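Beneath this line is the structure, given in structure tokens, with notes to follow.
Keep in mind it's a predicted model, so treat the numbers as computed, not measured. Whatever order the structure lists them in is the order used to number ligands and atoms, beginning at 1.
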Amino acid sequence: MSTDLAYQSSISPDHSSTYGLDEVLTACPETGELLDIQYDWDRVEVPSSLKDFEARWANRNCPLDYSGVWRFRQLLPFAPDDQIVTIGEGQTLLQQSNSVAKYVGLNEGQLYLQYEGLNPSGSFKDNGMTAASTHARMVGAKMAACASTGNTSASLAIYAGTTKHFKVIVFVGSGKIAYGKLSQALDYGATTLQIQGDFDDALKQVREVCKTAGIYLCNSVNPFRLEGQKTIMYRVLEGLNWEVPDWIVVPGGNLGNSSAFGKAFMELKELGLIDRVPRLAVINAQGANTLYELHEKHGLCWNGGKPDAELIKSFYQKMDDEDRRASTLASAIEINRPVNLKKCLRALDFCDGVVREVSDDEILDGKSQVGAGGFGCEPASGASVAGAKLLREQGIIAPSDRVVCILTGHQLKDPNATVNYHSGQPAPEFQNAPIPVENDFEKIMEVIQGIA
Ligand code: F0G
């Protein structure tokens with residue numbers, strides 16, 4: 001047993017071996033299971049009330065207090081202050097939206113949008129990448145890598161580019177990444193490998209490469225990433241004046257967020273900082289619905305830490321036999337082999353969770369509503385609004401429930417998807433098409449009078 005305050009251990013409750021923070025691991029060396037970062041909470045000075053964290057917000061000259069992640073550092077106490085790598089991530093907002101509430105079918109005042117697109121690289125990934133970058137620095141990594149549908153690569157690239165602690169190689173699926181995201185990796189100076197394959201292929205390759213070449217892996221199998229992503233939930237609670245909502249609705253891809261959210265609530269409950277937990281809804285795109293299929297259709301569950309491994313194996317085998325590839329316009333979540341599957345099952349178990357799938361049309365309609373009544377988001381994030389609407393229609397979410405939809409990425413990440421929606425045929429329900437008009441004053445006035 002480690003005597004350290006923070007250590008790594010397998011998620012399997014039967015397995016008690018622990019590993020120090022100086023080890024670079026993405027799976028338990030003995031069981032191959034995913035790893036958690038665990039803490040000896042009796043030795044951590046955690047504030048007795050969540051309200052105490054709020055005061056730090058005002059301390060803008062201290063980079064750790066200014067960060068929306070590290071302001072909560074007693075809840076992820078694995079790094080000495082002088083090793084923390086921060087670029088001011090986590091300055092994100094929780095906004096109430098009555099127009100989206102109406103669209104979803106909720107009572108006025110009950111729907112909130114958590115805008116993680118407001119992070120420096122434009123997605124929630126910065127919450128996790130600040131933590132992984134910190135650990136990379138603690139172990140003296142000179143090079144880091146990730147596979148990505150675009151946001152992880154943009155985030156890792158910005159941390160490397162601005163802090164210069166390490167060099168970065170990113171693996172992306174050729175033709176599988178929105179241009180806003182690709183442009184970021186290129187501009188921030190990351191070496192960018194376009195693999196002829198999809199995200200699942202790129203991840204398989206990067207894992208092998210990192211193992212062989214001793215490169216630090218920054219995908220969400222890295223347990224430090226998820227420690228940072230827990231703070232999204234702390235900020236949601238803070239935005240609600242530390243009241244626990246009824247539902248958290250989040251898009252599911254590699255299932256890092258949902259896993260991190262579950263861990264956040266498990267720990268807050270254990271520490272006595274909250275007295276109840278919200279329900280969790282994870283929303284898959286129909287074309288990338290492994291979690292939905294396994295959890296809702298095949299009954300796969302956490303089962304006290306022993307999910308049915310045979311069921312998972314045979315499901316993946318069938319997918320391979322049929323050469324079934326993930327396919328959705330929400331390219332961020334175009335993933336068929338979610339690496340955090342088991343951790344997500346644990347989160348669903350703890351938070352009495354549900355999983356739903358939504359079509360690309362529903363995703364884009366949901367996204368358009370966030371655009372028309374909010375600050376906008378990228379397609380994957382639209383899945384949370386579409387999922388909340390579906391759960392409302394199914395009577396699982398009540399009109400009086402307080403619901404938080406997590407918007408994972410910025411509106412400008414994937415402008416093609418947005419422009420295609422607004423100008424494509426057949427016209428979708430919420431299309432706002434550009435109006436072609438001759439370069440002629442009278443003609444322009446005619447159009448304007450027509451809409452006045
Ligand atoms: N939303 C956005 C905008 C994303 O970029 C991702 C994942 C997800 C949702 C899914 O989150 O994996 O925690 O379930 N993007 C990864 C990437 C895979 O490479 O950028 P998850």
(Q) Under a 4.0 Å threshold between the charged nitrogen and the carboxylate oxygen, would Glu227 count as salt-bridged to Lys263? (A) yes

Q.
Looking at Arg325 and Asp323, is any side-chain nitrogen of the basic one under 4.0 Å from a carboxylate oxygen of the acidic one?
A. yes

(Q) For Val250, which part has a heavy atom under 4.0 Å from ligand 1: side chain, backbone, both, or neither? (A) neither

Q | Lys413 and ligand 1 - part of the residue with a heavy-atom distance under 4.0 Å | A | neither

How far is [atom] from the closest protein heavy atom, and which atom is that?
atom	value
atom 4 (C) of ligand 1	Ala332 CB, 3.4 Å
atom 5 (O) of ligand 1	Asn151 ND2, 2.8 Å
atom 8 (C) of ligand 1	Ile333 CG2, 3.6 Å
atom 15 (N) of ligand 1	Lys125 NZ, 3.0 Å
atom 20 (O) of ligand 1	Thr152 N, 2.8 Å
atom 13 (O) of ligand 1	Asn257 N, 2.8 Å
atom 11 (O) of ligand 1	Phe124 CZ, 3.6 Å
atom 2 (C) of ligand 1	Thr408 OG1, 3.4 Å

Using a strict cut-off of 4.0 Å, indicate which atoms of ligand 1 neighbour a heavy atom of [X].
X	value
Ile335	18 (C)
Glu378	3 (C)
Ala380	1 (N)
Gly256	12 (O), 13 (O), 14 (O), 21 (P)

Within-cut-off N or O pair, [X] and ligand 1, under 3.5 Å:
X	result
Ser148	yes
Leu255	yes
Gly253	yes
Asn254	yes

Q: Show your working on side chain to side chain donor-acceptor pair (under 3.5 Å) between Lys176 and Gln194 and close with a plain yes or no.
A: CA-CA 9 Å; Lys176 291 286 183 184; Gln194 287 186 293; over 6 Å; no

Q: Cation-pi check, Arg71 to Tyr66: give yes when NZ or CZ is under 6.0 Å from the six-membered ring centre and within 45° of the ring axis, no otherwise.
A: no

Q. Any cation-pi pair here, Arg235 with Tyr112, using under 6.0 Å and within 45°?
A. no

Q. Is the His135-Tyr216 ring centre distance short of 6.0 angstrom?
A. yes

(Q) Using the ring centroid of each side chain, check whether Phe430 and Tyr103 are separated by less than 6.0 Å. (A) yes

Q. Looking only at heavy atoms of Gly252, does any of them come nearer than 4.0 Å to an atom of ligand 1?
A. yes

Q) With a 4.0 Å cut-off on heavy atoms, does Asn219 reach ligand 1? A) no

(Q) Name the residue from Ser155, Pro120, Ser133, Ser121 that meets the side-chain contact (heavy atoms from CB on, under 4.5 Å) definition with Ile87. (A) Pro120

Q.
Tell me which one of Val24, Thr134, Leu76, Ile37 satisfies side-chain contact (heavy atoms from CB on, under 4.5 Å) with Phe224.
A. Ile37

Q | CA sep, side-chain torsions, deciding dist, call: Arg207, Val339, side chain to side chain contact (heavy atoms under 4.5 Å, CB included) | A | CA-CA 11 Å; Arg207 289 184 84 156; Val339 293; 3.8 Å; yes

Q | Sole candidate of Arg279, Arg402, Arg276, Arg392 that passes salt bridge (charged side-chain N to carboxylate O under 4.0 Å, His left out) when paired with Asp246 | A | Arg276

Q) Side chains of Gln411 and Cys377: closer than 4.5 Å at any heavy-atom pair? A) no

